[in-house]
Amino acid sequence: MLSIYSLDFPLFYFISFSLFSLDSFPKSMDWEPLAAAKASISPYDLLFQALALIPFSHYFFAASFLFLIFLYRFLEIHFLHDLLTLFRGDPVTLTYNSCSDLAQSVVANCKILQGRYLATPWLSSPHLQTAFLSFLGRPPPLTYRRHLFRAFDGGTIALDWLTYTDVVGGTSCMPDSSAAPKGDKTPIVIVIPGLTSDSAAAYVKHLAFNLARQGWNVVVSNHRGLGGVSLTSDCCYNAGWTEDLRKIIDHIRCEYPEAPLYAVGTSIGANILVKYLGEDGANTPLFGAAAICSPWDLLICDRFINRRPMQKLYDRALTVGLQGYAQLYAFITSFCRISLLTFESSSLRDFDNHATRVLGKFETVDTYYRRSSSTNYVENVSVPLLCVSALDDPVCTSEAIPWDECRLNENIILATTPHGGHLAFYEGITASSIWWVRVVNEFFGVLRISPHIEGRKKMQGSTMPKPLQSSIDQAPYLNVMEDGMVTAMSNEQTDAFVEDISDADTTHSKKDEGTISDKGTSVDLTDKLNPEKQIKQQVEQNVKDLIVPVQGRIDKLSRRSRQSIWLLVYISIITTWPFVGSVLLSVLKRRFKTFKPGTLFRK
């Protein structure tokens, strides 16, 4: 307890003076010393003396509480929200065309999409989930069977296979060296990883293991230079480069003509997949696809990732990964000129400006972002496509999601959740499973038995027009001349071949890149003996090549024209109503001027 004797004498004298009335003191008392003592006391001294009386432990608890509040907001933790909702989770928001029979049937049979998503309680933050996926992930143990695909420009792409026979009793076993039978009809799922990710990523292993356990054959198409395979050409991948995916799909369709093909893209891989689906339209051999955490609009995502301090950490982490990728292949001709500039890059935009823009032959970085964004191709997607995104994604912002375009397309189902992070979506108390992996598994299972597949098989069985080539990004590989000039290499397509490194003897098989039928057979002998019939079929094929795209454009114009007509009618009514309304009002007044309601009762 504080004793009054411990105070300074002027302070004690001032307090004693304030306790008594001025009337109790004599009139002749000299007040100047008291006024001087009162003026010498600082209010801050009194405040500091009062604060010194508070125990240090109280300060520690207050600082900890304020730090927790800051951390709760900075990491966007939603544990209290989950607690207040009794850990029931948040409903999944579905956006699709209500007039689409396909979308309605798929949604009606996908129970997971109709339910709720609850994040792991101790990972109730998009940043915690994303970090946990990157550093731990808890992937299931599995072993791939690797094949090497040689592209027409000399590049090498690693294809890592995991078949349903490789997974026994819920665990992955060591696969044998033999490839899958050529006549295998088991559906195949092609996985396109994200930026600087390959088949060793945790979310890729989760997806491959769960699909293989449900009876699917899974192949992971690693990007060039990733997956432990070096670059063998000057061609590098980027966010809008779809030629590699197109060639991989054509190759797998040639090897397994009777197996339905599906595809899953994640992050940048989702952008590449959606862009490919929009470029090829109905000509793609895929039966269904899924895009997980797609960036959609790269220009918007570029602005978003440089907006907040936390997003800048992700930007720096991705930049370091790309710098490591460029450092590995600094000996490549096209990298020699830009290698020093890429190492000085401090952000993704700087790296794209010094490397990606140059290799892809784009004028500016914004031009690269605009032309490579998949949001420009959403309306042309002609196969069932499931898009999954989290509204709190710290990398691919929800501001870039094309809500209206997805709603207008009858083949797209957009599923969004309030939480989930970037590609994480961990669920359960032990964070042993990923929610979107179960959604994709169920979605493909519903498509597998739906009537849409039968119609798709019939269309695949008929002669299909050759897929349209990409209008941009044709061969983003360069040749640096001695004088420093950068020129593009030839676009002539050579034969591609595949190496199976699991076999003892490496085999090389050259495949024709023309249109391949479902049975994988060549031209019949009767067609060779009858040149007139062959010429006639070629003419019919050319006519189909011209009619199919024209017919599609006419259908789009007719749909838009009908919408435009109704819009014009609405505008004309709104704009002319003041004049028309006044005329009708004057006519009615003249017509019923002599009208008397009482005459009706008399009649």
Side-chain angles (χ1 to χ4, degrees), residues 144 146-160 190-201 204 219-249 251 267-269 271-272 276 318-345 348 350-362 368 372 470 473-481 486-501 506 508 513:
Y144 295 105
R146 170 158 292 186
H147 294 179
L148 295 181
F149 175 80
R150 289 292 179 87
F152 58 86
D153 61 309
T156 305
I157 302 174
L159 302 179
D160 292 334
I190 304 172
V191 181
I192 305 98
L195 185 67
T196 67
S197 296
D198 52 20
S199 58
V204 175
V219 54
V220 182
S221 177
N222 297 280
H223 299 295
R224 297 191 182 208
L226 296 177
V229 178
S230 301
L231 280 175
T232 56
S233 70
D234 288 347
C235 180
C236 302
Y237 78 99
N238 57 48
W241 178 246
T242 59
E243 295 301 323
D244 286 347
L245 177 60
R246 184 175 289 107
K247 297 304 178 184
I248 291 297
I249 292 176
H251 163 69
S267 192
I268 288 296
N271 186 82
I272 296 174
Y276 158 76
L318 293 174
T319 304
V320 171
L322 289 176
Q323 288 175 343
Y325 175 83
Q327 186 177 6
L328 289 175
Y329 308 110
F331 61 90
I332 301 295
T333 305
S334 59
F335 277 99
C336 293
R337 186 181 179 88
I338 62 177
S339 59
L340 296 178
L341 296 176
T342 57
F343 298 150
E344 298 176 357
S345 301
L348 278 177
D350 291 342
F351 185 90
D352 290 335
N353 183 38
H354 295 147
T356 311
R357 178 187 63 83
V358 178
L359 295 176
K361 298 181 296 183
F362 295 100
Y368 161 63
S372 301
S470 175
D473 298 348
Q474 293 290 338
Y477 36 90
L478 306 174
N479 186 16
V480 182
M481 309 298 291
V486 182
T487 59
M489 294 177 62
S490 175
N491 283 347
E492 296 180 359
Q493 297 182 3
T494 57
D495 295 336
F497 65 93
V498 179
E499 296 181 3
D500 186 354
I501 64 175
T506 304
H508 302 269
E513 294 186 353

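Remark: His251 NE2 to Ile249 CD1 distance equals 12.0 Å, nearest 0.5 Å. From Gln323, atom CD reaches atom CG of Leu318 across 11.5 Å, with rounding to the nearest 0.5 Å. Ile248 contributes atom CD1, which lies 4.5 Å from atom CG of Leu159 (distance to the nearest 0.5 angstrom). Rounded to the nearest 0.5 angstrom, Leu231 CG and Leu226 CG are separated by 8.0 Å. Here the straight-line distance linking atom CG of Asn222 with atom OH of Tyr237 works out to 10.5 Å at 0.5 Å rounding.
Between Phe351 and Thr356, the closest side-chain pair of non-hydrogen atoms falls below 4.5 Å. A 4.5 Å side-chain heavy-atom check between Leu245 and Ser221 finds every atom pair outside the cut-off. Proximity of Leu322 to Thr196: side-chain heavy atoms (C-beta onward) are separated by under 4.5 Å at one or more points.
Judged by distance alone, the side chains of Ser199 and Asp160 do bring a donor and an acceptor atom under 3.5 Å apart. Thr232 and Arg224 are not linked by any side-chain donor-acceptor pair at a separation below 3.5 angstrom, with hydrogens and angles left out of the test.
When the salt bridge (Lys or Arg N to Asp or Glu O under 4.0 Å) test is applied to Asp198, no partner is found at least two apart in sequence or on another chain. A search for salt bridge (Lys or Arg N to Asp or Glu O under 4.0 Å) contacts involving Asp352 returns nothing, not counting sequence neighbours.
Here the options are Asp244, Thr156, Ile157, the test is side chain to side chain contact (heavy atoms under 4.5 Å, CB included), and the partner is Phe149; only Ile157 passes.
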Working for side-chain hydrogen bond (donor to acceptor under 3.5 Å, both in side chains), residues Asp153 and Ser233: CA-CA 7 Å; Asp153 61 309; Ser233 70; 3.1 Å; yes
Applying side chain to side chain contact (heavy atoms under 4.5 Å, CB included), run through Ile192 and His223 and close with a yes or a no. CA-CA 8 Å; Ile192 305 98; His223 299 295; 3.9 Å; yes
Under the side chain to side chain contact (heavy atoms under 4.5 Å, CB included) criterion, do Tyr368 and Asn238 qualify, and how do the steps go? CA-CA 10 Å; Tyr368 161 63; Asn238 57 48; 3.7 Å; yes
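Considering all non-hydrogen atoms of both residues, Phe362 and Ser372 come closest at CZ-OG, 4.2 Å. Nearest heavy atom pair, residue Arg146 against residue Gly227, reads NH1-O, 2.5 Å. Taking all atoms of both residues into account, the shortest heavy-atom contact from Cys236 to Leu359 is SG-CD1, 4.1 Å.
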